[in-house]
There are 2 protein chains.
Amino acid sequence: MSEHKLNDSLDTLKKSGVRITPQRHAILEYLISTESHPTADDIYKALESNFPNMSVATVYNNLRVFRNAGLIKELNYGDASSRFDFVTHDHYHIICEKCGTIVDFHYPGLEEVEHLATHVTGFEVGSHRLEVYGTCPACIDNAAKVN
Amino acid sequence: MSEHKLNDSLDTLKKSGVRITPQRHAILEYLISTESHPTADDIYKALESNFPNMSVATVYNNLRVFRNAGLIKELNYGDASSRFDFVTHDHYHIICEKCGTIVDFHYPGLEEVEHLATHVTGFEVGSHRLEVYGTCPACIDNAAKVN
DNA sequence: TAAACTGATGATAATGATTATAAAGTAATA
DNA sequence: TATTACTTTATAATCATTATCATCAGTTTA
């Protein structure tokens, strides 16, 4: 799956003069293949078996490289650590406040909001971020069972 | 200004059995009076002269108390520390990527998005969060002067 | 090919925000 | 007044992230 996403990404990196090391390859591959939105530590642990000597710093460094290249997004929710999300087409996130699950969903875009914001504040708008919070189906079920 | 916001907040706290200490009073007052979106440390520093013995932990503890009481919101942007915002009427934030300035703006609400998200994901939706990123007028000016 | 250069990695220390802990203070209540 | 519950303060602990620096690997150049 998504073999071409990986190749596209590797091309992008090469073009900006970034070397493709085995670690970088593995981190990118993991980010593309996973459905989840892993923390740096998740990634570190997931690759531990293949790269027993890899340093946490390497994970952080390369996440920054990928972010600067526009390949991934860094997500900051209330909890302690950042999560990382491979950038595909535009999508938003809905987050379960009970268990932390993050699910993607699509929405036609909110250019209106950007326009209004520009108009009202005089800012030059670059991007926006939207998240919806609630309770996921699994947690709703669990709550029902308990009562 | 906003004397009644403060009194409302104090009432809310009293009703939920929270004691009004001088520190709590001062922190709340500061949050209501300031236009900015201060970090815990900003608050700590701002009240230093009046409360030379106040501990940072007190600031954090009370911010949590206020947040649990629904009086303030905790905002997490990319940078290191959380910012706190007194909850008034619903508004969104636009954030300058150059200097970090945060400005409020109003928008009719995005219930549509919540409905769609519910429909698509099966989540029970509670709230959402939207931020717009860009460059503030001052930074635009500065950039123009340099070139 | 060998030397030199550049960037990447890995180990570890440092930083900085937030939280935990425990002792002492303060208000509320019986 | 004695007891209880809640707060504050001071400080230590935690934990994510970043900085440092020696080492390593790939690439370029002589």
Side-chain angles (χ1 to χ4, degrees), chain A residues 9-10 12-30 37-69 71-85 100, chain B residues 9-10 12-30 37-69 71-85 100:
Chain A
S9 304
L10 295 175
T12 306
L13 290 176
K14 274 181 210 156
K15 272 175 204 155
S16 39
V18 174
R19 278 187 205 155
I20 310 300
T21 65
Q23 293 85 341
R24 286 182 177 158
H25 194 283
I27 294 173
L28 255 187
E29 198 170 18
Y30 180 73
H37 303 71
T39 63
D41 199 58
D42 292 337
I43 299 169
Y44 177 63
K45 291 215 176 75
L47 303 180
E48 207 166 32
S49 52
N50 290 23
F51 295 84
N53 293 329
M54 185 166 61
S55 165
V56 208
T58 300
V59 176
Y60 278 101
N61 286 339
N62 290 329
L63 287 172
R64 192 177 343 166
V65 169
F66 298 159
R67 191 192 43 189
N68 292 343
L71 295 177
I72 65 172
K73 264 192 189 167
E74 183 171 355
L75 313 172
N76 263 90
Y77 304 128
D79 51 351
S81 42
S82 289
R83 295 164 174 282
F84 296 87
D85 190 21
Chain B
S9 304
L10 295 176
T12 306
L13 289 177
K14 275 180 210 156
K15 272 176 204 154
S16 39
V18 174
R19 277 186 208 158
I20 311 302
T21 65
Q23 293 88 339
R24 285 181 177 159
H25 194 284
I27 295 172
L28 255 186
E29 197 170 19
Y30 180 72
H37 302 71
T39 64
D41 200 58
D42 291 337
I43 299 169
Y44 177 64
K45 291 213 177 76
L47 302 181
E48 208 167 30
S49 52
N50 290 23
F51 295 85
N53 293 328
M54 186 166 60
S55 165
V56 208
T58 300
V59 176
Y60 279 99
N61 287 339
N62 291 329
L63 287 172
R64 192 175 344 164
V65 169
F66 299 160
R67 191 191 45 189
N68 292 342
L71 294 177
I72 65 174
K73 266 193 187 164
E74 183 171 356
L75 312 172
N76 263 89
Y77 305 127
D79 51 351
S81 42
S82 291
R83 294 166 175 281
F84 296 87
D85 189 21

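All chains are named by letter (A, B, ...) in the order of the sequence lines, taking the proteins before the strands, and each is independently numbered beginning at 1. As the structure is a prediction and not an experimental result, all values here were calculated from the model.
- Look at A:Tyr60 and you'll find a side-chain N or O under 4.0 angstrom from OP1 or OP2 of D:dT17.
- In this entry the distance linking CG of B:Asn61 with C1' of D:dT11 reads 14 Å, nearest Å.
- Counting any heavy atom pair closer than 4.0 Å across all strands shown, A:Ser81 reaches sugar-phosphate atoms only and no base atom.
- Residue A:Ser55 places a side-chain atom within donor-acceptor reach of the base of C:dA11, judged by atom type and a 3.5 Å distance cut-off alone.
- In this model, the phosphate group of D:dT8 is approached by a side-chain N or O of B:Thr21 to a distance below 4.0 Å at OP1 or OP2.
- Taking only side-chain atoms of B:Val18, from C-beta outward, the nucleotide of D:dT9, C:dA11, D:dT7 with the closest atom is D:dT7.
- Rounded to a whole Å, the OH atom of B:Tyr44 is 15 Å from the C1' atom of C:dG16.
- Side-chain contact check for B:Asn61 and B:Thr58: no donor-acceptor pair (N or O, by modelled atom type) lies under 3.5 Å.
- Rounded to whole Å, the distance from CG on B:Leu63 to C1' on D:dT8 is 15 Å.
- Protein atom CG of B:Leu13 is 17 Å distant from nucleotide atom P of C:dA27, rounded to whole Å.
- With hydrogens and angles ignored, no donor-acceptor pair closer than 3.5 Å exists between the side chain of A:Arg64 and the base of D:dT18.
- A straight line from CE of A:Met54 to C1' of C:dT12 spans 17 Å, rounded to a whole angstrom.
- Of the two residues contacting DNA chain C, namely B:Val56 and B:Arg19, the nearest-nucleotide position lying further toward the 5' end is that of B:Val56.
- Checked by atom type and distance alone, the side chain of B:Arg24 pairs as donor or acceptor with a backbone atom of B:Arg19 at under 3.5 Å.
- Residues B:Arg24 and B:Ala57 both approach DNA chain D. Their nearest nucleotides, taken by heavy-atom distance, put B:Arg24 toward the 5′ side.
- For the pair A:Phe51 CZ and C:dT9 P, the interatomic distance rounds to 10 Å; values are reported in whole Å.
- Using modelled atom types, one side-chain atom of B:Arg83 and one backbone atom of B:His37 make a donor-acceptor pair closer than 3.5 Å.
- Side chain to side chain, B:Ser82 and B:Glu74 meet the donor-acceptor criterion of an N or O pair below 3.5 Å.
- Phosphate proximity of C:dT18 to B:Ser82: present, with a side-chain N or O under 4.0 Å from OP1 or OP2.
- Taking each heavy atom of B:Tyr60 and B:Ala40 in turn, the nearest pair found is CZ-CB, 3.5 Å.
- Computed from coordinates, the B:Asn62 CG to D:dC6 P distance equals 15 Å when rounded to whole Å.
- Put simply, CD1 on B:Ile27 is 12 Å from C1' on D:dT7, counting in whole angstrom units.
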